[in-house]
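Below is one structure; the comments refer to it alone.
Order of listing sets the numbers, starting from 1, for every ligand and every atom in it.
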Amino acid sequence: MLKLSKLAAALALVAAGTAAMAGEVEVLHYWTSGGEAKSVAELKKIMEAKGHVWKDFAVAGGGGDNAATVLKSRVVSGNPPAAAQIKGPAIQEWAAEGVLANMDPVAQAEKWDSLLPKVVADVMKYKGNFVAVPVNVHRVNWMWANAAVLKKAGVAGMPKNWDEFFVAADKIKKAGLIPVAHGGQNWQDFTTFESVVLGVGGPKFYSDALVKLDQKALTGETMKKSLETFRKIKGYTDAAAPGRDWNLATAMVMQEKAAFQFMGDWAKGEFIAAGKVPGKDFLCAAAPGTANAFTFNVDSFAMFKLKGAAAQKAQADLSAAIMGTEFQEIFNLNKGSIPVRLNMNMAKFDDCAKLSGKDFVETAKTGGLVPSAAHGMAISPAAEGAIKDAVSQFWNDDKISVDEAQKRIAAAAKTK
Ligand code: BGC
């Protein structure tokens, strides 16, 4: 009897201990495509293994505009999630509202400052304190291709500049296939546009025009040439492009309906999730004219102020897990990106990821490493939204001249 009651008491203690430790983490994200869902499932697994409850708050919509709208209403009503997928300058805007938590205790214990490139750590901090945790490094200036389609059309290799690209695109059209798989949504139009600006003007021009928003650059000859090239690409997309989701455009490349897609390396996550082999079924190369540059897009989770020890403990555990080697490897293998944590073992990564890793380091030395404007890394959300709309209107309406588009984009860049 005595023994049994002792056992019961011990069990009660254990149960109480677990209950005190276990917390719920509600995580708002927009990773709903095949490759994305597989990637985020890994974080859920790690958190559940730590005894926490994962409350999934997925808001569909590539590029995250829908998620941002939903987040606003949740925070305004005083009920923020534990973590939300927010990045770049938007982190500073949320922190300035006073709603983000200071994650320095975890950051110090886990030595984040020594594990992250300084440019990345700075974006995650507000007034010197960590308020967000980075997940990965996506490269945006990629071009994806179906190897069999290129072969069928007699295209020898991946085009290295825009002239070569249009020669290849003509051959593909002649073979009766779609040269460019495009999803006509404003953020996808902008994604293609920024790669064109980078390829036509080079990283210094890109930076002047789309990061510094320099009026001279935006209204000059190089921007004119970029817009002309961008419009020309539209002639190689199909009539059903408007409104199409990005992952469905990737599927067109997979299914040998289309040759190329301009998209960040989350597209690789789709190919991988479908069992396609890089270098064999699909090819990756920097978008034409951009091999010496790297538009970076770092996904991150901003951590919101929470009440209650259990919830705060779960949030701290989530933060530590995101920066841990286990998650950084498995997540990025699935997501198509590379780890943001420095000195990771890249043995399991494919050649596209290895090229990304090498170019990330090299372009950081040469000045070719630039933040992606289309993916929330370079400019304020207000300016980004306005430019994105102007770019998209030009793409969708052939009656808007290049000169007119240039004026509209330059005016949009002044949005505060
Ligand atoms: C995000 C990626 C995401 C993609 C499509 C990008 O802005 O950084 O993580 O996969 O949008 O939604």
I'd like the atom pairs linking ligand 1 to the protein - N or O on both sides, separation under 3.5 Å - with distances to 0.1 Å.
from     : atom 1 : to     : atom 2 : distance (Å)
ligand 1 : 7 (O)  : Lys87  : NZ     : 2.8
ligand 1 : 7 (O)  : His375 : ND1    : 2.7
ligand 1 : 8 (O)  : Lys87  : NZ     : 2.7
ligand 1 : 8 (O)  : Asn297 : ND2    : 2.9
ligand 1 : 8 (O)  : Asp299 : OD1    : 2.7
ligand 1 : 8 (O)  : Asp299 : OD2    : 3.4
ligand 1 : 9 (O)  : Trp31  : NE1    : 2.9
ligand 1 : 9 (O)  : Asp299 : OD1    : 3.3
ligand 1 : 9 (O)  : Asp299 : OD2    : 2.7
ligand 1 : 9 (O)  : Lys335 : NZ     : 2.8
ligand 1 : 10 (O) : Glu36  : OE2    : 2.5
ligand 1 : 10 (O) : Lys335 : NZ     : 2.8
ligand 1 : 12 (O) : Glu36  : OE2    : 3.3
ligand 1 : 12 (O) : Gly63  : N      : 3.0

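No close placement of the Phe230 and Phe262 rings is indicated, their centers lying 6.0 Å or farther apart.
Using bins of under 30°, 30° to 60° and over 60° for the plane-to-plane angle, the ring pair Trp266/Trp187 lands in the tilted bin. Note: Trp395 and His182 have tilted aromatic rings, judged against thresholds of 30 and 60 degrees for the angle between ring planes.
Judged purely by distance below 3.5 Å, without hydrogens or angles, the side chains of Ser33 and Glu36 pair a donor atom with an acceptor atom.
Remark: Lys87 engages Asp299 in a salt bridge, criterion side-chain N to carboxylate O under 4.0 Å.
Under the ring pair (Phe, Tyr, Trp, His ring centres under 6.0 Å) criterion, the residue pairs touching residues 299-322 are Trp31-Phe301, Trp94-Phe304, with sequence neighbours excluded.
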